[in-house]
Amino acid sequence: MPLIVLKGLRGGVGTTSTAIALARQFHQQNKEVLIMDNCTENILSFYFPAQERSTTLSQALLAETPIEQNIFYYRPHYQVLPFGLVNKKDNLLLQLSFSAKQHLTHFLTTFMQLHPDAIILMDLQHTQDTLFTPWIEKADIFLSVTMAESNCHIRLNQHAFIDNEYVLINQFRATSQIHQDFYQFWQTTSLPLCPIVLHRDEASLEACASRLPLYDYRTNCMLVEEISQLAQWCFSLFERKEGQP
């Protein structure tokens with residue numbers, strides 16, 4: 001089962017909207033998908049207001065109840081598991097809880113066994129986390145979502161890359177000289193850049209304002225085409241890994 005982890009290099013780079021759009025693209029290609037997050041501000045649920053539930057992943061971990069009961073189907077074979085809104089005290093408790101880590105590991109291991117052909121996408125925040133960290137190294141593809149600007153440039157220079165990790169540039173503006181300068185400079189370095197660059201698209205902002213995933217707001221936009229290219233690139237990496245001895 002392919003596992004894709006997307007983690008923002010900092011907050012506000014569009015990790016969640018990118019993960020949702022990528023999951024939808026896989027779903028469009030007849031793949032079963034599960035998208036989940038670890039955002040204590042409950043950003044993932046924001047895009048699925050009609051499916052908001054009283055129970056979430058974090059509540060299941062705190063109460064040690066079956067996690068699978070908190071999954072909802074946005075579309076057939078498109079499953080969503082939001083982390084939910086969590087206060088600082090409960091989040092600290094989860095981060096320190098060995099039983100919560102075991103509970104999450106058991107759920108994911110069982111899910112992979114029951115859905116061997118599904119694609120799991122984890123939308124992870126840039127903040128420190130112990131619950132999901134072990135899964136980063138297990139990812140088939142780890143995308144560090146960034147923007148071509150000075151803040152991310154500083155963070156990239158202090159970042160320790162792992163195997164299967166790629167830098168995904170998001171919200172790129174071709175008309176911005178500084179965006180072009182950083183991108184061109186990064187291309188001369190050893191940074192593991194993803195070959196697909198996602199441009200800034202007003203459709204994405206409008207979709208967020210409408211509380212809709214990009215695909216359900218507008219399918220005929222530039223960003224949808226780029227997400228499609230990103231999905232195909234992911235498939236090529238999956239196939240290459242499967243072909244390895």
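When reading the values below, keep in mind they use all heavy atoms of this one structure, side chains included, and skip hydrogens, waters and symmetry mates.
- Other cluster members for Trp186: Leu9, Leu156, Phe161, Val167, Ile169, Phe172, Ile178, Phe182, Tyr183, Phe185, Leu191, Leu193, Val197, joined by side-chain heavy-atom distances under 4.5 Å among Ile, Leu, Val, Met, Phe, Trp and Tyr.
- A distance of 5.5 Å separates CG in Leu121 from CD1 in Ile35, rounded to the nearest 0.5 Å.
- Using a distance-only test at 3.5 Å, with no hydrogens or angles considered, no donor-acceptor pair links the side chain of Ser228 to the main chain of Val224.
- By the 4.0 Å N-to-carboxylate-O rule, Arg173 lies too far from Glu149 to be salt-bridged with it.
- Phe72 and Leu212 are not part of a single hydrophobic cluster, where members link through side-chain heavy atoms under 4.5 Å apart.
- The backbone N or O of Met222 sits nowhere less than 3.5 Å from a side-chain atom of Glu225 that would complete a donor-acceptor pair.
- Proximity of a side-chain donor or acceptor of Ser236 to a complementary backbone N or O of Trp233 within less than 3.5 Å is detected.
- Leu124 places none of its side-chain heavy atoms less than 4.5 Å from the side chain of Leu6.
- For the atom pair CZ (Phe132) and CG (Leu104), the distance works out to 5.0 Å, reported to the nearest 0.5 Å.
- For residues 15-41, every residue pair satisfying the salt bridge (charged side-chain N to carboxylate O under 4.0 Å, His left out) rule, not counting sequence neighbours, is listed here: Arg24-Asp216.
- Ring geometry for Phe111 against His115 counts as parallel: the plane angle stays under 30°, on a 0 to 90° scale with 60° as the upper cut.
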Checklist line | side chain to side chain donor-acceptor pair (under 3.5 Å) between Ser45 and Asn42, intermediate numbers included | finding: CA-CA 6 Å; Ser45 284; Asn42 204 25; 3.1 Å; yes
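- Proximity of a side-chain donor or acceptor of Asn157 to a complementary backbone N or O of His153 within less than 3.5 Å is detected.
- Leu205 is not connected to Leu214 by any chain of hydrophobic side-chain contacts under 4.5 Å among Ile, Leu, Val, Met, Phe, Trp and Tyr, and they are in different clusters.
- With Gln171 contributing its side chain and His199 its backbone, the two residues share no donor-acceptor pair below 3.5 Å.
- The two residues Ser17 and Ser204 come nearest to each other via the heavy atoms OG-OG, 4.3 Å.
- Side-chain N or O atoms of His159 include none that pairs as donor or acceptor with a backbone N or O of Ile154 at under 3.5 Å.
- Here the CD1 atom belonging to Ile67 is positioned 6.0 Å from the CZ atom belonging to Phe107, to the nearest 0.5 angstrom.
- Distance alone, capped at 3.5 Å, places no donor-acceptor pair between the Gln25 side chain and the Ile227 backbone.
- Shown here is His77, whose NE2 atom has no more than 12 heavy atoms of other residues, nucleotides or ligands within 6.0 Å.
- Open room surrounds CD on Glu137; 12 or fewer heavy atoms of other groups in view lie less than 6.0 Å from it.
- Judged by distance alone, the side chain of Asn170 and the main-chain N or O of Thr146 form no donor-acceptor pair under 3.5 Å.
- The distance from the CG atom of Asp123 to the CG atom of Leu22 is 11.0 Å, given to the nearest 0.5 Å.
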Margin query: Walk me through whether Trp135 and Phe142 qualify under ring-ring contact (aromatic ring centres under 6.0 Å, His included).
Written below: CA-CA 10 Å; Trp135 294 92; Phe142 175 31; over 10 Å; no
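- Glu64 and Gln102 form no side-chain donor-acceptor contact under 3.5 Å, judged by distance and modelled atom types alone.
- Smallest separation of non-hydrogen atoms from Leu96 and Lys101: C-NZ, 4.1 Å.
- With Thr110 contributing its side chain and His106 its backbone, the two residues share a donor-acceptor pair below 3.5 Å.
- Transitive grouping of hydrophobic side chains (ILVMFWY, heavy atoms separated by less than 4.5 Å) keeps Leu131 and Leu85 in distinct clusters.
- Inspection of the Tyr217 and Glu206 side chains reveals an N or O donor paired with an N or O acceptor under 3.5 Å.
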Checklist line | Chi angles and distances behind the side chain to side chain donor-acceptor pair (under 3.5 Å) call for Asp181, Gln177 | finding: CA-CA 6 Å; Asp181 289 345; Gln177 187 61 54; 2.8 Å; yes
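- A cation-pi contact, defined as under 6.0 Å to the ring centre and within 45° of the axis, is absent between Arg211 and Tyr47.
- Counting only distance, with no hydrogens or angles, the side chain of Thr15 and the backbone of Lys7 share no donor-acceptor pair below 3.5 Å.
- With values rounded to the nearest 0.5 angstrom, Leu230 atom CG is found 5.5 Å from Cys194 atom SG.
- Shown here for Ala21 and Tyr215, the closest heavy-atom pair between the two residues is O-CE1, 3.5 Å.
- Distance check, rounded to the nearest 0.5 Å: CG of Leu34 to CE of Met122 gives 8.0 Å.
- More than 12 non-hydrogen atoms from other residues, nucleotides or ligands lie less than 6.0 angstrom from CD of Gln187.
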